[in-house]
4 protein chains.
Amino acid sequence: MRTGVWLVGARGSVATTSIVGALALRSGLTGPTGCVTELPDLRGPALPAFTDLVLGGHDVVTTPLAKRAEALAAAGVLPGRLVAALPDELAAVERELRPAPAGGTQADRAAVTVRDLTDFRRRHGLDRVVVVNVSATEPAARPHPGHADPDALAAALAGGDEVLPPSSLYAYAAVRAGCPYVDFTPSTGLRLPALVALAAERGIPYAGHDGKTGETLVKSVLAPMFAMRHLAVRSWSGVNLLGGGDGATLADPAANAAKVESKQRVLGETLGHLPQGGTRIEYVEALGDFKTAWDLVTFAGFLGTGMRMEFTWHGCDSALAAPLVLDLARLTAAAHAAGHAGPLTDLAFFFKDPLGSPTHSLADQWTRLCGFAHRLHAGGTDAAPR
Amino acid sequence: MRTGVWLVGARGSVATTSIVGALALRSGLTGPTGCVTELPDLRGPALPAFTDLVLGGHDVVTTPLAKRAEALAAAGVLPGRLVAALPDELAAVERELRPAPAGGTQADRAAVTVRDLTDFRRRHGLDRVVVVNVSATEPAARPHPGHADPDALAAALAGGDEVLPPSSLYAYAAVRAGCPYVDFTPSTGLRLPALVALAAERGIPYAGHDGKTGETLVKSVLAPMFAMRHLAVRSWSGVNLLGGGDGATLADPAANAAKVESKQRVLGETLGHLPQGGTRIEYVEALGDFKTAWDLVTFAGFLGTGMRMEFTWHGCDSALAAPLVLDLARLTAAAHAAGHAGPLTDLAFFFKDPLGSPTHSLADQWTRLCGFAHRLHAGGTDAAPR
Amino acid sequence: MRTGVWLVGARGSVATTSIVGALALRSGLTGPTGCVTELPDLRGPALPAFTDLVLGGHDVVTTPLAKRAEALAAAGVLPGRLVAALPDELAAVERELRPAPAGGTQADRAAVTVRDLTDFRRRHGLDRVVVVNVSATEPAARPHPGHADPDALAAALAGGDEVLPPSSLYAYAAVRAGCPYVDFTPSTGLRLPALVALAAERGIPYAGHDGKTGETLVKSVLAPMFAMRHLAVRSWSGVNLLGGGDGATLADPAANAAKVESKQRVLGETLGHLPQGGTRIEYVEALGDFKTAWDLVTFAGFLGTGMRMEFTWHGCDSALAAPLVLDLARLTAAAHAAGHAGPLTDLAFFFKDPLGSPTHSLADQWTRLCGFAHRLHAGGTDAAPR
Amino acid sequence: MRTGVWLVGARGSVATTSIVGALALRSGLTGPTGCVTELPDLRGPALPAFTDLVLGGHDVVTTPLAKRAEALAAAGVLPGRLVAALPDELAAVERELRPAPAGGTQADRAAVTVRDLTDFRRRHGLDRVVVVNVSATEPAARPHPGHADPDALAAALAGGDEVLPPSSLYAYAAVRAGCPYVDFTPSTGLRLPALVALAAERGIPYAGHDGKTGETLVKSVLAPMFAMRHLAVRSWSGVNLLGGGDGATLADPAANAAKVESKQRVLGETLGHLPQGGTRIEYVEALGDFKTAWDLVTFAGFLGTGMRMEFTWHGCDSALAAPLVLDLARLTAAAHAAGHAGPLTDLAFFFKDPLGSPTHSLADQWTRLCGFAHRLHAGGTDAAPR
Ligand SMILES: NC(=O)c1ccc[n+]([C@@H]2O[C@H](COP(=O)([O-])OP(=O)(O)OC[C@H]3O[C@@H](n4cnc5c(N)ncnc54)[C@H](O)[C@@H]3O)[C@@H](O)[C@H]2O)c1
Ligand SMILES: NC(=O)c1ccc[n+]([C@@H]2O[C@H](COP(=O)([O-])OP(=O)(O)OC[C@H]3O[C@@H](n4cnc5c(N)ncnc54)[C@H](O)[C@@H]3O)[C@@H](O)[C@H]2O)c1
Ligand SMILES: NC(=O)c1ccc[n+]([C@@H]2O[C@H](COP(=O)([O-])OP(=O)(O)OC[C@H]3O[C@@H](n4cnc5c(N)ncnc54)[C@H](O)[C@@H]3O)[C@@H](O)[C@H]2O)c1
Ligand SMILES: NC(=O)c1ccc[n+]([C@@H]2O[C@H](COP(=O)([O-])OP(=O)(O)OC[C@H]3O[C@@H](n4cnc5c(N)ncnc54)[C@H](O)[C@@H]3O)[C@@H](O)[C@H]2O)c1
Ligand code: NA
Ligand code: NA
């Protein structure tokens, strides 16, 4: 099953790490640490092999991929030896990158995007192309009447307005081109009535939102622990210090707010009440691509006795995110092949703010993910979307 | 269902906190924070109500219960107002405490213990008595031929040897008196072939070992998180600083070793390999009944990138343990009523070193516990032990 | 040397803890832990004894002192046994508390304040009264032409404008009543040209600003450590989570900003550059009177190698502040007796934002403080202000 | 002032980092971060310039220096670009390294060492050679009658016994060769009556023991902070997790004990009492050349209120130690030039277990160090040892 992985934001940290990693895996230069689809519970025949993946993408900047990869190696995100060992492979991916469509109406830009996707699919004889958004976090979308339904949207786009935020325009083009869409960011993406209806019409599966790689990942196991033990969490306060491109973007208050909200949701839904305290993201350029999160949890036990827990997470966001991007591409491709359409709610395991998920507990999400993969590998009967 | 709860080590910190808590719950002076059997997923008709519990126990010391309770209040473990509000209730329990049998052969002491248990049951017209071991941690048992089977054991006990460690002698007496037995400590308890056979013969259910209340509880959710994300844990080092009676006992190297081993097991079994590093328990008298645990986890992600997490847990051990003691007494009583015998492996959720448990993941243990409780509440058909 | 200590904000947490502590010390019920003036390097004949201190003060609220003390005991700030042991002594201080003057012009209120101070001095036959501001943090003062010099100020006050923020009005009244003034808060206090000139005219010594009790205290030893080792601090980020009355006040953005700025100053001046990152104060009501501060420092060593340090401080602010309030009262009284006037820059040791201090290193401040105390105890010749 | 720096353990991590750093400084490829002798308060004409330093040394292993440097670069201790930029310079130092003398009596080995030192001095026309011990930590020395005085020692060495531990044999040879001696390790070194007497006879200055680079450095500012604030430290517990060559050596219980003891000393002497708790060193190979130390301090404030502080230090030991090795060589050379002999107690700033130091407070040690450097730079009059 030859599968295209089209990265929106293809020259960013997450995308570049995903690309180097996919090439290194394909060449047998590295192992699949961090790839959950390679765990015994998940792997199997329905998923495209790493050697079946073909990479391409859009970006608004033109920094050569090899240069981005070297910068990430210098920052300790990637081993320099991998970059050095894969010059031809990187050059080949470089040739598959396209400038983010610009100029004209949004309808024009969507058309260029559709063409870039279909050309890519045809050029490489791909069974399908999964579009994965790993571009910079956007502010929340401004409401527009065109968001209501596919017809209103088509009319509005042709009219020349800036109807959709970029992530949604990419999602629109993906659906139009018959491509499954994964949103690894907190941006709007496919979450507009018009796009949801269009995806349903065209039988396109999609997944999102916002890759779960650090503090929220830890919360998604600790909060259930407190809940299962009937301990009364009184406050949960967190701070995330990060540098890197994503940090700079999130320093923008609007983007920050979007991200912070998705980070606290897990607590309210798991604990049954929102504890005091909040989560904050601060940009500290000196921290580079590594992020330090610190959380303090205070809780009461039997008879009201006060106790506390704190944790520090010091992670490399891109190294945590990249294998999940490959996992999501593989799973979504398999789901598409099996005939799934609409939101892939069984992929909640990967996201801070999962589409339509009834649970924020990582363990419960894991159980659902395993069941989903199992059914994909078993083939046939599950093909109809639930 | 009137249910006796017989505490071995009845004047210790865990036992005293359990007693004050049970009395306060019975009187409606406090809520059930920390009691997992009061969570919606677990509560139901099969469990004895708090008002159905009658408390008694053995101890080697004679410090009045009220005095121990006041000391725990002064140390911040209990609210002083509860102790002040329950003088008559505490005095009533005080009358149900018996000196730990001493003198004579172990057979003699077992006989006294059996009589204490049956007297207690008759005196209060109880449906059953659950024996819970919360006495001081013992060193590992010395092998003895009498451990092999019930007949060898009966002969050896009568012979005058010190055949069994105290926890096992209590377990023996419990079985002989027809009482379910729960071991909240890392001591030997019922884990000897002769006792296992005897419990099977008499149809007695039992549970253990070693209440999971702090660092290991956290490990049992974090280790699965790393495993589910296919992250390669390289080292996991921990230190537990604690004062209190238990801390003093554990300062003894033999007891320490027993406890430390049960604490690391969760890692090896969950991660599939034992990471570098160890766990250590140190006695620091100034910390009193609160324990501070610090753990450092280093791990590799995609392409080998090194990352780290650390956590500090600052908990009051007795306040964490006491509600679980009540939970275990209620669940074990219900299991006995439903006809269960042998090791209650579905209670693994409560223990660091659970009997015959196939999983150390808290979430998986929770799923099993919920199923178990559900079947108990559904009644009838599940009565036969699986 | 009978010395009055007049507390502005006399029913607040810091004041109440200072009062209970002073009474307990006077009665020999507690030791001087936390009182730096009782250290061998500082104690001596020039300081008034604890038994020489007489307490009084102003507050805008009327909650009885005994009630505030009980609340602090319940919160773990004070031992309840001390409150229980000192009912008469607390009642005696209660009789010395006066409502914060209200109504009329600021000139009128200043006059009432002066009268309260002089009455207190006369009533108890005191040698002097030190006014210590421990009332709630104010926003920064709004500029007013009356701040320029004593004459402009007198005219403006009589005119009916709200010329001065409350802390400055108290400082004005103190100077007018011939009382030394200490500001334990970040508020404006005596820091206005008109008041500085007036204090100089009247020969009044004063000290401030903002008691150094937690994160900044730690910074004032760690920052010099990095500097002395020529390590290049790249970022220093901090978060302060606190409940209590002070926390609620500081949740107000204006007050927060004032406090945060004084907290970062120590870094810039000690390190010679301001590292990246900031300090933040967040109100978390559940934390009560205890504060948790977490700081992350990243730094480069030889050849640029990156390293990091983090610390968590979990302190009871009032318990840290109260003994310093007594220290400052004793030292300022002695300085007044010795003829000092103007800013007591040798008391920088006590403050986050010390008046006219050439150093933010705690060790250097300590050296200066010891020299100052030494000269006070030696008597005579140092009496003239430097 | 051409100065030789002779490193015992010249192929170890600290030595290799010192060598690469000295070469990079000499070539202007790096700045002096971490070198305290380059701070404004310390630098001056009495110290040899980096361009005046010539490096050599002994080691028992023969791994090429360039290989060690590359390994350290791969481990993140050094920037690889420096190693790549200095091949000729490293090769030149390689030619100055000698095998640790072996075979024959200790007298024979001392003679070879003396010859290696004097040859080195003559070969490069050096004014003096400072011997710095950075070899692996030894167990404590076994008592021997030859330790008593120089004559007994000379007789014993000739007799064929293993009289001295290696560090002391190097110290003996250094003194005999007229070379100042610095011990950066906790080993015995010059601390034997016979060697002290010999150094006095020959007018040789020396310094030690045990470079202060991590947890103890932090303790030497935090412990004085608690003391200056009259806070009652109740417990201070620490754990040091480290990999690397030094970690492996320290895993040996005897070496561990020596190191741990020197680490706790600072507390007892600064606080006036030894708090509860201990420090522990554990070898965790996966941590490589970076060390993580975690300390928990519990303390009481005013009226006995309990509080706590914890810190985590994540440092690269070799990067912290190497610039201090260069500092010590420069300062000791200058002291020798100025006529100092005997223990250089003013260098306590650098050591965990300083020779004859009256203070463990870093700030006080800094004051003494500054005075010492100032006198050296001022020249002339201070030349006579105090
Ligand atoms: N790394 C993680 O752990 C993680 C976790 C969750 C979510 N995310 C999200 O992933 C996204 C990428 O993160 P990153 O660290 O790689 O950020 P980055 O800033 O390094 O990369 C973003 C890339 O997107 C490109 N871009 C911006 N606008 C674009 C557009 N309109 N069209 C095409 N490309 C565009 C940028 O030029 C840049 O190359 C962010 O939204 C982030 O919030 C990351
Ligand atoms: N508190 C927790 O979080 C926790 C968690 C897991 C296990 N445990 C285990 O629970 C046990 C009790 O802990 P604790 O803190 O209450 O300790 P504790 O020292 O306060 O109490 C133990 C009590 O057992 C009594 N005792 C000793 N030997 C006895 C005997 N032979 N017969 C009867 N009584 C005897 C002692 O006199 C004492 O009163 C320990 O084994 C501990 O390891 C506690
Ligand atoms: N606790 C510490 O460690 C610490 C450290 C540095 C500075 N401070 C400062 O000390 C001050 C007191 O702190 P707290 O925790 O006691 O606060 P608090 O809120 O408990 O007490 C403040 C008291 O001031 C009173 N007040 C307010 N306005 C007044 C006025 N105009 N006249 C008279 N009284 C007035 C209030 O009624 C209250 O009783 C704050 O400004 C705080 O920032 C405290
Ligand atoms: N790095 C720090 O922060 C720090 C701080 C204080 C003290 N120290 C001390 O510095 C010393 C060196 O540390 P390291 O990390 O470089 O250790 P390392 O193990 O990397 O190097 C020690 C070197 O000494 C050599 N050696 C052993 N015995 C010898 C002998 N008899 N003669 C000559 N060479 C010999 C070894 O072969 C090795 O090359 C240790 O004693 C350590 O305790 C280091
Ligand atoms: Na911490
Ligand atoms: Na920490």
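In what follows, chains carry the letters A, B, and so on, assigned in the order in which the sequence lines appear, proteins first and then strands, with residues in each chain numbered from 1.
Of the atoms belonging to B/V284, heavy atoms from both backbone and side chain fall under 4.5 Å from chain D. In this structure, the portions of B/E285 lying under 4.5 Å from any heavy atom of chain D include both its backbone and its side chain.
Expressed to the nearest 0.5 Å, how far CD of D/E310 lies from CD of B/E310 amounts to 7.5 Å.
B/S237 and D/E282 share no donor-acceptor pair across their side chains, judged by distance under 3.5 Å alone.
Between D/R308 and B/T292, the closest side-chain pair of non-hydrogen atoms falls below 4.5 Å.
Among the residues in residues 295-302 of chain B, those with a non-hydrogen atom closer than 4.5 angstrom to a non-hydrogen atom of chain D are B/L296, B/T298.
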List the atom pairs, with distances to 0.1 Å, where a side-chain N or O of residues 66-74 of chain B and a protein N or O form a donor-acceptor pair under 3.5 Å, not counting sequence neighbours.
residue	atom	partner	partner atom	Å
B/R68	NE	B/R11	O	2.7
B/R68	NH2	B/S13	OG	3.1

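A pairwise comparison of heavy atoms in D/A286 and B/Q276 identifies N-OE1, 2.6 Å as the closest pair.
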